[in-house]
Amino acid sequence: MKIFFDFFSFSDPNVRYVILGMLLMGMGSATIGTFAFLRKRALTGDAIAHSVLPGVCLAFLLFNTRNLWVLLGGAFVTGWLSIVCVDLITKKTKLKSDAAIGITLSVFFGIGIVLLTYIQQTGNAAQSGLDHFLFGKAAAMSVSDIRTMGIVSTILILCVILFFKEFAAFSFDPDYAKTSGLPVQFIEMLLTTLTVLAVAVGIQAVGVVLMAAMLITPSAAAKYWTDNLKKMILLSILFSTLGGITGAYVSFANNKMPTGPWIVTMTSLIALLSILCAPKKGVIPKFIVRKNYKNKMLRENILKEFYHLEEKNPDKKYFTVSEILDEREMLSWNYKKGLRMLKGKHFLEKVNDNYFLTDAGREEGKRITRIHRLWEMYLTQQLNIATDHVHDDAEAIEHIITPEIEKKLIEMLNFPEKDPHEKTIPY
Amino acid sequence: MSDAFWIILTGSLVAITSGLLGCFLVLRKMAMVGDAISHAVLPGIALAFLVSGTKNSIPMLIGAAAFGMLCTVLIELFHKKAKLQEDASIGISFTWLFAIGVILITYFADAVDLDQECVLYGEIAFVNFETYLNIPTAVWLLGGMFVFVLALLIIGYKGLYLTTFDPDFAATIGVSVAAWHYVLMGAVSFTTVLSFESVGAILVVAFLIVPGATAYLLTHNLKWMLVLSALIGISAAVSGYFFAAAINASVSGAMVTMLGVFIVCAFLSSGIQLRRKNKLATQTE
């Protein structure tokens with residue numbers, strides 16, 4: 001608990017650096033990641049992330065320093081090279097993009113592992129900590145590292161602000177972007193460059209193995225909350241920073257823990273919550289909306305059947321369940337649920353084993369029947385559809401039509417008395 | 001027998017077995033699914049390790065298979081139920097499961113004889129530590145897997161062939177496309193798990209995809225492709241071992257590097273062939 005307060009009171013300057021670093025990483029990777037997500041390039045991100053490892057190792061071997069600028073330079077070169085490889089393989093051979101990505105990421109990573117193990121056995125004192133690039137270590141970030149991350153992140157954000165319109169057009173509809181005269185090739189190159197940069201910035205915190213998740217997972221989570229690109233970017237920055245800080249906290253509290261896997265797990269949890277619970281687009285709210293709608297249809301159908309029964313038997317008011325079921329094919333347990341709901345809403349009352357309509361229920365049944373018959377009338381009169389083809393359509397639309405549309409229909413058809421099947425339209 | 005022999009044999013067995021299966025993954029455009037499965041089995045391996053306390057055990061296979069299945073189910077759910085695009089569904093599912101696996105391994109590092117290095121590039125150099133009847137246990141297991149995969153390919157050649165190249169036709173003559181899909185995925189999962197200790201969870205992707213892809217560049221005939229992929233796998237294992245020995249680096253990494261060299265060669269030679277063909281075509285015109 002003490003560590004918790006130490007961490008979240010931000011009193012320790014080290015903690016402040018870590019949090020600042022996470023914020024910078026989140027801003028860079030989530031912003032660019034959103035475009036990668038929109039372009040359906042999640043797995044290309046994975047290829048870039050794995051491919052920066054040999055670059056980091058080579059830069060270290062050549063310059064024998066752990067200066068982040070040097071290592072980022074190496075990462076940038078091989079990250080770019082990997083994209084060129086994927087492009088070459090897909091364009092020049094019969095291999096498809098999935099194989100191209102798989103080949104590139106695994107071979108680059110293999111080379112990286114060879115270099116890394118080679119460096120480790122040389123016993124070079126400066127090499128200690130190079131393996132933090134595999135799974136990340138937030139606590140290993142120094143002030144100068146944070147400064148470097150800050151500069152790169154700022155460049156990233158500035159580029160995105162500057163070219164926002166172009167990026168958006170290109171990501172949503174590359175064909176449109178091309179025909180409207182945008183320099184598509186330049187935009188693509190710039191986006192790729194920025195993606196490589198974003199990966200390079202994040203690897204110190206998250207590590208190369210899981211960096212791809214930081215590009216994709218926050219934006220996938222943000223997608224469930226909004227349709228607006230700007231809001232989506234802001235949200236994914238928020239999610240990625242949240243995941244980053246909680247993940248960094250765990251690794252801060254337990255020194256053995258690598259930061260990357262925790263950040264990814266936390267961010268994935270946010271994504272899972274968003275996918276399940278986000279209002280409107282989440283799985284659960286959508287399920288509830290659907291269920292409510294199904295229940296509404298069930299209720300309205302039953303009321304309509306009652307109205308029909310009353311129409312057919314003008315002197316009868318009370319009906320048994322079997323009589324109702326004779327009127328319309330329906331699962332009996334479903335029907336019971338519907339009857340229960342209607343009783344709750346006081347559209348129906350029950351006496352012994354018989355049901356009867358209340359006034360409000362009759363009004364409602366009448367309304368549904370009216371819309372149904374009006375729609376059949378509309379289809380036959382205005383659209384010239386045969387009378388025996390209109391029932392199913394009306395059956396579906398009767399639950400949707402609003403009072404305003406109903407009014408318009410009535411005016412358009414000029415208060416018809418009978419529907420195409422010679423049944424009275426009740427007003 | 002020397003260490004070198006066993007290391008090369010282990011590497012070859014991994015390369016051949018996964019290379020043979022990889023041919024079908026490449027042809028079915030499922031290379032990234034192989035990648036996802038090989039990452040996603042990690043938490044299963046870690047948990048099984050923790051429960052049973054031993055490597056190379058039945059629990060490990062079961063645990064890995066369970067998480068391999070979980071990964072495909074997650075991808076399916078995200079994609080179909082939550083309407084998330086497919087690449088993102090794959091990307092989220094396997095990175096998450098892999099992250100959980102790494103956390104488990106780190107957290108229980110004292111209880112489990114596994115570490116992050118093993119996850120990344122395996123322990124093929126120490127293959128001779130655990131032996132049974134003077135033969136490394138890894139060789140027994142991988143040998144068994146190789147025989148199993150070979151038998152599967154010989155017996156099921158027609159089914160795999162048909163469902164790979166023309167699933168519609170296969171379905172019309174009554175060959176179950178889904179069944180062969182799951183047979184292949186199952187074999188891939190098991191091979192990944194058994195190879196895990198030797199080459200790690202990430203490098204196995206290279207063994208799965210690269211030999212098949214290289215062979216695919218060199219031939220149009222499926223049987224030749226399978227034979228070639230096996231030969232490429234063996235050559236990479238042999239040359240990779242000596243490369244690693246020369247610079248004293250990770251053996252499995254060096255084997256993958258050699259695979260990379262081979263595919264670059266295949267790429268260049270197929271490019272030259274293509275150009276020659278084009279030249280001939282323009283000349284005859």
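Numbered from 1 within each chain, the chains take letters A, B, ... in sequence-line order.
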Got a second to check how far [X]'s [atom1] is from [Y]'s [atom2], nearest 0.5 Å?
X	Y	atom1	atom2	value
A:Lys96	B:Leu27	NZ	CG	9.5 Å
A:Leu95	B:Lys29	CG	NZ	10.5 Å
B:Ile92	A:Phe37	CD1	CZ	7.0 Å
B:Leu259	A:Ile103	CG	CD1	10.5 Å
A:Thr93	B:Phe267	OG1	CZ	6.5 Å

### Side chain, backbone, both or neither of A:Val250 within contact of chain B (heavy atoms, under 4.5 Å)
neither
### Message
Is A:Leu134 close to chain B through its backbone or its side chain, or both, or neither, when contacts mean heavy atoms under 4.5 Å?
### Response
side chain
Please state whether the side chain, the backbone, both or neither of [X] comes within less than 4.5 Å of a heavy atom of chain A.
X	result
B:Ile103	both
B:Tyr216	both
B:Val26	side chain
B:Phe94	side chain
B:Met255	neither
B:Asp35	side chain

Please confirm whether the backbone N or O of [Y] pairs with a side-chain atom of [X], one donor and one acceptor, at under 3.5 Å?
X	Y	answer
A:Tyr224	B:Ala82	yes
A:Thr117	B:Ser250	yes
B:Asp87	A:Arg41	yes

State, to 0.1 Å, how close [X] and [Y] come at their nearest heavy-atom pair, and which atoms those are.
X	Y	answer
A:Ala99	B:Ile209	O-CG2, 4.2 Å
A:Pro261	B:Val102	CG-CG1, 3.6 Å
A:Lys223	B:Lys83	NZ-O, 3.1 Å
B:Met32	A:Leu43	CG-CD1, 3.8 Å
B:Val256	A:Gly110	CG1-CA, 3.9 Å
A:Ile113	B:Gly253	CG2-CA, 4.3 Å

Between [options], the one whose heavy-atom pairs under 4.5 Å with chain A are most numerous:
options	result
B:Thr214, B:Ile100, B:Ile90, B:Leu217	B:Leu217
B:Leu203, B:Asn248, B:Ile263, B:Leu97	B:Asn248
B:Val33, B:Val199, B:Val204, B:Leu84	B:Leu84

### Task
Give the C-alpha distance, both sets of side-chain angles, the deciding distance and a yes or no for side-chain contact (heavy atoms from CB on, under 4.5 Å) between B:Trp96 and A:Leu272.
CA-CA 11 Å; B:Trp96 190 15; A:Leu272 190 68; 3.7 Å; yes
### Message
If you count heavy atoms of other groups shown closer than 6.0 angstrom to CZ of A:Phe287, is the number above 12?
### Response
no
### Query
Any chance NZ of A:Lys94 has more than 12 other-residue heavy atoms, nucleotides or ligands included, within less than 6.0 Å?
yes
### Task
State, yes or no, whether a side-chain contact exists between A:Val283 and B:Phe78 at a heavy-atom distance under 4.5 Å.
no
Below 4.5 Å, heavy-atom pairs only: which of [options] has the largest tally toward chain B?
options	answer
A:Phe108, A:Phe109, A:Phe135	A:Phe135
A:Val114, A:Asp98, A:Val107	A:Asp98
A:Leu105, A:Ile111, A:Leu115, A:Thr267	A:Ile111

### Query
Under 30°, 30 to 60°, or over 60°: which ring-plane class applies to B:His39 and A:His50, parallel, tilted or perpendicular?
perpendicular
